[in-house]
Amino acid sequence: MAHYDLFRRQLAIKWYAYGHALWEPGRGALSDAVTVGDVGYIRGGKFYRLFNVLLPRDHPSQTLDLPDYYESLVPRVPDHIDIGVLHPTDLCSAAVTVAVAPGGDVYFLCQGKQGAVLSLPVEARREDTVAQGDFGRYMIQHIDSWFRFAKQLGLGIDRMEEIVLVTGCHLTRSSTNIVFENQVDTSVSFGVQVTGDAITWQFPIHNSGVLLNRGPSGTFLPENRCLFIRGFRAARRFQMFTSLRGAAGNASDSDGHDSDLEPTSVSMVTKYRDPLHLLIDHVAERAPDCDMILIHDDDLEVIDGIFDDNTRM
């Protein structure tokens with residue numbers, strides 16, 4: 001398993017309430033930060049934005065040439081963004097313990113073969129929409145056209161459930177991600193100093209069996225590093241189980257067009273076993289008459305009932 005998938009999965013088991021942990025939080029201008037309403041996909045542990053459904057088609061930040069049938073979402077609750085704070089912390093997977101050395105450095109020990117840590121030395125701002133019902137209905141109405149649009153861009157998106165409609169996120173100025181892989185009793189330590197608006201990280205020589213995505217040091221860093229995203233994903237049964245049901249034929253999407261989407265085989269769906277993909281499979285098995293499956297990161301509260309000894313990591 002790739003390190004970015006391992007990072008996401010290890011944190012999803014214990015800290016699922018925060019959403020999808022991103023190995024690559026992203027850098028750049030503040031305007032590049034993930035925000036509620038973004039539609040995009042995750043690849044290599046990083047979120048890539050396609051467009052934002054809360055903005056009109058001709059908004060300057062809509063950098064892609066959106067189809068003429070695009071329409072923005074207007075939630076029925078005008079002030080629908082709830083703001084909160086995640087205070088400085090170290091989010092560790094189950095096999096990892098944390099201690100503070102006499103000199104002030106933070107020391108992490110992984111007692112299993114795999115583990116993950118998100119080290120946050122400063123506050124992270126939480127944003128979530130309270131209009132999840134409106135967002136969910138909107139995705140059901142438009143996911144077919146979004147999927148077709150993404151495929152036309154040649155991005156390699158071959159499964160509908162790869163597309164994410166962001167309903168919440170955590171943003172911060174600096175953080176460090178850690179992955180322990182394939183070694184038992186592996187440790188790593190580092191120091192971080194926060195003085196006013198200045199953040200200074202001090203990392204030792206690289207440890208074997210440990211991967212670090214080191215947060216930036218500096219003063220007045222922008223709050224643009226996305227730690228977690230929360231959002232909706234959708235899947236159609238005719239794409240997931242074509243090999244079991246036979247040819248699905250053409251389907252009409254929400255925009256009144258015949259869908260030219262290529263059916264996806266079961267093997268393609270299960271190639272990457274993200275926790276949310278497991279949840280989609282779980283719902284599909286128990287709701288055989290359901291054509292559209294809509295899930296949210298919040299639904300991972302039932303994940304303990306889906307993982308078995310072979311899938312838990």
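Between S187 and F108 there is no side-chain heavy-atom pair separated by less than 4.5 Å. Within the 4.5 Å cutoff, side-chain heavy atoms of L300 are placed close to those of L279. Counting heavy atoms from C-beta on, the side chains of H296 and M139 never come closer than 4.5 Å. Two residues are said to be in side-chain contact when any heavy atoms from C-beta on lie closer than 4.5 Å; L276 and D297 meet this criterion. Side chains of R126 and V85 form no contact here, defined as non-hydrogen atoms less than 4.5 Å apart. Side chains of S72 and V53 form no contact here, defined as non-hydrogen atoms less than 4.5 Å apart. At least one side-chain heavy atom of R233 sits less than 4.5 Å from a side-chain heavy atom of H20. Side-chain contact between K46 and P25 is absent, with no heavy atoms from C-beta onward closer than 4.5 Å.
A side chain to side chain donor-acceptor pair (under 3.5 Å) with H170 holds for exactly one of R225, E123, R230; it is R230. Partner of F228 under the ring pair (Phe, Tyr, Trp, His ring centres under 6.0 Å) criterion, out of Y18, W23, F47: Y18 alone. A side chain to side chain donor-acceptor pair (under 3.5 Å) with W201 is found for one member of S217, S119, S174 and no other, namely S174.
A donor-acceptor contact shorter than 3.5 Å is absent between the side chain of D291 and the backbone of R236. The main-chain N or O of N52 is found under 3.5 Å from a side-chain atom of Q62 such that the two form a donor-acceptor pair. No side-chain donor-acceptor contact under 3.5 Å links Q10 to the backbone of F7. For the pair T176 (side chain) and G215 (backbone), a donor-acceptor distance under 3.5 Å is present.
Side chains of D105 and S189: no donor on one and acceptor on the other come within 3.5 Å. Counting only N and O atoms by type, the side chains of N177 and E24 include no donor and acceptor under 3.5 Å apart.
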- List the steps and the verdict of salt bridge (charged side-chain N to carboxylate O under 4.0 Å, His left out) for D281 and R286. CA-CA 9 Å; D281 292 347; R286 286 154 178 78; over 6 Å; no

- What do the steps show when you test V164 against Y41 for side-chain contact (heavy atoms from CB on, under 4.5 Å), and what is the final call? CA-CA 6 Å; V164 184; Y41 59 99; 5.8 Å; no

- Task: For the pair D158 and K151, evaluate salt bridge (charged side-chain N to carboxylate O under 4.0 Å, His left out) and give the outcome as yes or no after the intermediate values.
- Result: CA-CA 7 Å; D158 54 22; K151 287 176 71 70; over 6 Å; no

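Across all non-hydrogen atoms, the minimal contact from S145 to Y69 is CB-CE1, 3.4 Å. The minimum heavy-atom distance linking I157 with F147 is given by the pair O-CE1, 3.8 Å. Between G112 and A95, the closest heavy-atom pair is N-CB, 3.9 Å. Between I42 and I229 the shortest heavy-atom distance is CD1-CD1, 3.5 Å. Across all non-hydrogen atoms, the minimal contact from M292 to A234 is SD-CB, 3.8 Å. Residues R8 and P275 share a closest heavy-atom pair of NE-CD, 3.7 Å.
Taking hydrophobic clusters as Ile, Leu, Val, Met, Phe, Trp and Tyr residues chained together by side-chain heavy-atom distances below 4.5 Å, I199 shares a cluster with L212. Tracing side-chain contacts under 4.5 Å through hydrophobic residues (I, L, V, M, F, W, Y), one reaches L165 starting from V36; they form part of the same cluster.
Judged by the 6.0 Å distance and 45° axis criteria, R214 is positioned over the aromatic ring of F203.
Between H80 and F135, the angle of the ring planes lies from 30° to 60°, which puts this pair in the tilted group. Ring-plane geometry between H142 and Y138 is classed as tilted, the angle between the planes lying from 30 to 60 degrees on a 0 to 90 degree scale.
No more than 12 heavy-atom neighbours from other residues, nucleotides or ligands sit within 6.0 angstrom of NZ on K113.
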